[in-house]
Amino acid sequence: QVQVVESGGGLVQPGESLRLSCVVSGGTFNDNSMGWFRQAPGKEREFVAAISWAGNTLPRNGKDRFTISRDNAKNTIYLQMDSLQPEDTAVYYCAVRESPHYSGEAWDYDYWGQGTRVTVSS
């Protein structure tokens, strides 16, 4: 059983930073790609970032404030979020794809965590 557990969410003020963590257990972490998605209230789930098993990353766009990374020794991926804005408020989900290649599509992922809530408000 693959288990995916996110942590690190919370309430921050605009302009502040957060680092989310995602620990994966019960699977072959090093062979898999990973992704972060988020879902804001009343909106569809959207892609945030992905990382291949080799550490190649797929951000949302070229000027993104978010950085994904992974520590294979700890079976963990991270999402460093800088200059957070109120529109970043959402539940952030970590996902595992049983493929070495990353994807920006939610349907390509096989396992999901329960999410961690991020609220950006003054």
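Residues take their numbers from the sequence shown, with the count starting at 1.
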- prompt: Roughly how far, to the nearest 0.5 Å, is the CG atom of Asp71 from the CD1 atom of Ile77?
  reply: 11.5 Å
field: Separation of Arg117 CZ from Thr89 OG1 (nearest 0.5 Å)
entry: 9.5 Å
Closest approach of [X] to [Y] (non-hydrogen atoms, all atoms of both residues):
X      : Y      : answer
Ser103 : Asp108 : OG-OD2, 2.5 Å
Val4   : Cys22  : CG1-SG, 3.4 Å
Ser17  : Gln80  : CB-NE2, 3.8 Å
Asp31  : Trp53  : C-CB, 3.9 Å
Asn72  : Arg70  : OD1-NE, 2.8 Å

Are any of the side-chain heavy atoms of [X] and [Y] separated by less than 4.5 Å?
X      : Y     : value
Pro59  : Ile68 : no
Phe66  : Leu79 : yes
Val24  : Asn32 : no
Glu16  : Leu84 : no
Trp112 : Cys94 : no
Asn75  : Ser25 : no

Is it the case that the side chain of [X] and the backbone of [Y] share a donor-acceptor pair, with hydrogens and angles ignored and the cut-off at 3.5 Å?
X      : Y      : result
Ser122 : Gln13  : no
Ser21  : Ser7   : no
Arg97  : Ser52  : no
Asp110 : Glu98  : yes
Arg65  : Met81  : no
Glu6   : Thr116 : no

message: Are Tyr111 and Val48 linked, directly or through intermediate hydrophobic residues, by side-chain heavy-atom contacts shorter than 4.5 Å (ILVMFWY only)?
response: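 They do share one cluster, since a chain of ILVMFWY contacts under 4.5 Å joins Val48 to Tyr111.
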- prompt: Same cluster or not: are Val91 and Val96 linked, directly or through other Ile, Leu, Val, Met, Phe, Trp or Tyr residues, by side-chain heavy atoms under 4.5 angstrom apart?
  reply: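 No.
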Pair listing, salt bridge (Lys or Arg N to Asp or Glu O under 4.0 Å) test, anchored in residues 35-53, at least two apart: Arg38-Glu46, Arg38-Asp88
field: Contact list for residues 88-109, test ring-ring contact (aromatic ring centres under 6.0 Å, His included), sequence neighbours left out
entry: Phe37-Tyr109
